[in-house]
Amino acid sequence: MSAVARTRAALLAWYRGHGRANLPWRTVRDPYYTLVSEFMLQQTQVDRVVPKFLAFIERFPTLAALAASSTAEVLRLWQGLGYNSRAIRLRAVAVEIVERFGGAMPRDADALRSLPGIGPYTVAAIRAFGFDEDDAPIDTNIRRIVHRLCFGIEYPALANAKAIDARARELAAPGEAHDWNSALMDLGATLCTARAPKCLLCPLHAACAAAPIDATLLDARRREHAKKPSPQNAIPFERTTRYARGRIVDRLRSLAPGERISLLDLHRDLQPLLPERPLEELERLVTVLERDGLVACDGAYIALRD
DNA sequence: AACGCGGGGTC
DNA sequence: GACCCAGCGTT
């Protein structure tokens with residue numbers, strides 16, 4: 001048995017014993033579930049997605065149900081997840097699939113890639129998790145695992161993304177896309193973590209270029225190669241555009257469906273949360289939210305987009 | 001290539 | 001308090 005074959009067998013065996021097979025998007029094999037979960041999981045941890053996913057699927061059990069919904073309702077269900085544009089795009093995907101593909105989730109990579117909010121990672125994720133097609137959804141977890149396994153600890157980076165992705169594809173177990181990629185994700189979430197990896201419990205320990213990783217050394221190296229903080233990082237979070245946008249959208253979520261609020265009232269209501277934000281600044285933020293498709297304006301009245 | 005986009009958990 | 005997270009679209 002080759003080294004690669006042993007690695008595959010070891011990880012798949014570990015997955016059968018220690019994988020999170022009970023995640024709600026894994027218990028039922030439905031590409032629509034994969035679509036919803038992958039959108040929610042873009043830059044958001046599993047533990048926080050699980051309850052949101054369950055509520056979302058309960059309200060929109062099928063792609064057709066989602067396509068028939070309103071943007072405002074999807075945005076309300078999205079509360080707490082962040083990156084609200086994902087909600088807009090997810091609903092738009094459902095509408096487009098109904099219009100362009102007769103309501104059936106596409107399996108074809110180019111078709112998937114043509115949909116809003118579906119980039120290279122999500123194309124591969126839908127194909128691998130939703131259809132068990134041999135594809136490689138390579139996320140931050142898998143990059144970290146492959147870097148450690150094939151090159152050593154990731155600070156400093158010893159390989160570029162292209163090289164890492166190539167190794168990830170070589171490693172993938174043919175015909176087992178769903179379980180193989182799930183296994184890698186679970187390993188990255190539970191053992192081969194960014195912070196303090198548990199190499200002693202890892203099924204790939206013997207083959208790994210980085211193991212055993214000393215958490216203290218890893219931490220020191222990370223600090224050494226840390227990027228400089230961006231200017232926005234230097235100011236308090238409450239003063240950032242992100243925070244202000246979040247408070248505006250939250251206020252609009254709290255309106256009854258169909259209800260609108262004037263810019264003046266919005267400004268007044270948000271005073272406690274957004275002090276020293278002049279009316280003109282609030283107006284600018286609302287204009288950008290409208291451009292982003294989250295918000296609809298009618299004269300001086302504002303609501304979530306329908 | 002760099003930036004904007006949220007929010008919550010972790011150490 | 002800094003770091004991290006099943007990325008994508010824009011510039």
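Chain letters run A, B, ... following the sequence lines, proteins first, then strands; residues in each count from 1. Because the structure is a prediction, the values reported are computed rather than measured.
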**Study point:** Any residue of residues 171-185 of chain A with a heavy atom less than 4.0 Å from an atom of DNA chain C
**Key:** M185(A)
**Study point:** Minimum side-chain heavy-atom gap L304(A)-R76(A) below 4.5 Å
**Key:** yes
Exercise for review: Give W25(A) one of three labels, base, sugar-phosphate or nothing, depending on what nucleic acid heavy atoms sit under 4.0 Å from its own.
Suggested key: base
**Study point:** Under-4.0 Å salt bridge between E154(A) and R148(A)
**Key:** yes
Practice item. Would you kindly compare P116(A) and L23(A) by the position of their nearest DNA chain C nucleotide and give the one closer to the 5′ end? Key: L23(A)
Study note, to complete from the structure: Here the distance between atom C1' of dG9(C) and atom CG of L115(A), to the nearest Å, is 15 Å
Check your understanding: Between R127(A) and D132(A), does at least one N-O distance fall below 4.0 Å, as a salt bridge requires?
Key -> no
Practice item. Among F60(A), W78(A), Y33(A), find the residue that satisfies the ring-ring contact (aromatic ring centres under 6.0 Å, His included) test when tested with F53(A). Key: Y33(A)
Review point. Rounding to a whole Å, what distance do you find between L81(A):CG and dG9(B):P?
Key: 12 Å
Review point. Counting only distance, no hydrogens or angles, is the base of dC5(C) paired donor-acceptor with the side chain of Q45(A) under 3.5 Å?
Key: yes
Exercise for review: Look at the rings of H225(A) and Y155(A) and say which category their plane angle falls in: under 30° parallel, 30 to 60° tilted, over 60° perpendicular.
Suggested key: parallel
Check your understanding: Does any donor-acceptor pair link the side chain of R195(A) with the base of dC4(C) at a separation under 3.5 Å?
Key -> no
**Study point:** Sugar-phosphate only, base, or nothing, as touched by V49(A) at under 4.0 Å among non-hydrogen atoms
**Key:** nothing
Check your understanding: Among dC4(C), dC8(C), dG6(B), which nucleotide sits nearest the side chain of A194(A)?
Key -> dC4(C)
Practice item. May I ask you to evaluate whether R247(A) reaches the phosphate of dG7(B), defined as a side-chain N or O under 4.0 Å from OP1 or OP2? Key: yes
Point to revise | Inter-nucleotide P distance (dG8(B), dG9(C)), Å rounded | key: 24 Å
Practice item. Test D306(A) against T71(A) for side chain to side chain contact (heavy atoms under 4.5 Å, CB included), laying out the working first. Key: CA-CA 5 Å; D306(A) 233 352; T71(A) 297; over 6 Å; no
Review point. Taking the six-membered ring of Y83(A), is the NZ or CZ of R89(A) close enough (under 6.0 Å from the centre) and on axis enough (within 45°)?
Key: no
**Study point:** Given dC8(C), dC3(C), dG6(B), the nucleotide with the shortest approach to the side chain of T122(A)
**Key:** dC8(C)
Review point. When we call it a touch if two heavy atoms are under 4.0 Å apart, what does R26(A) touch: a base, just sugar-phosphate, or nothing?
Key: base
Point to revise | Touch class at under 4.0 angstrom, heavy-atom based, for Y155(A) against every strand present | key: sugar-phosphate
Check your understanding: Rounding to a whole Å, what distance do you find between D292(A):CG and dT10(C):P?
Key -> 10 Å
Point to revise | R20(A) side-chain proximity, nearest of dG7(C), dA6(C), dG7(B) | key: dA6(C)
Point to revise | Cation-aromatic face contact R239(A)/Y243(A), 6.0 Å, 45 degrees | key: no
Review point. Does a side-chain N-to-carboxylate-O contact under 4.0 Å join R26(A) and D186(A)?
Key: yes
Check your understanding: Which comes earlier along DNA chain B counting from the 5' end, the contact point of R89(A) or that of R48(A), where each point is its nearest nucleotide?
Key -> R89(A)
**Study point:** Nearest listed nucleotide, side chain of R245(A), among dG6(B), dG7(C), dC4(C)
**Key:** dG6(B)
Review point. Are D165(A) and K162(A) close enough for a salt bridge, meaning some N to O gap below 4.0 Å?
Key: no
Point to revise | L218(A) CG to dC11(B) C1', straight-line distance once rounded to whole Å | key: 13 Å
Check your understanding: Among residues 128-144 of chain A, which residues get a heavy atom nearer than 4.0 Å to DNA chain C?
Key -> D139(A), T140(A), N141(A), R144(A)
Check your understanding: I88(A) has an atom CD1; how far is it from atom P of dG9(C), in whole Å?
Key -> 14 Å
Practice item. Classify the angle between the aromatic ring planes of H18(A) and W14(A) as parallel (below 30°), tilted (30 to 60°) or perpendicular (above 60°). Key: parallel
Point to revise | K52(A) NZ - dG7(B) P separation (whole Å) | key: 11 Å
Practice item. Please state the P separation for the pair dG4(B) and dA6(C) - nearest whole angstrom. Key: 23 Å
Check your understanding: In whole angstroms, how far is the P atom of dC8(C) from the CZ atom of R113(A)?
Key -> 7 Å
**Study point:** Protein-nucleotide distance (F237(A), atom CZ; dG4(B), atom P), rounded to Å
**Key:** 13 Å
Revision key, fill the gap. Walking DNA chain B from its 5' end, the first of D47(A) and R86(A) to be reached, judged by nearest nucleotide, is R86(A)
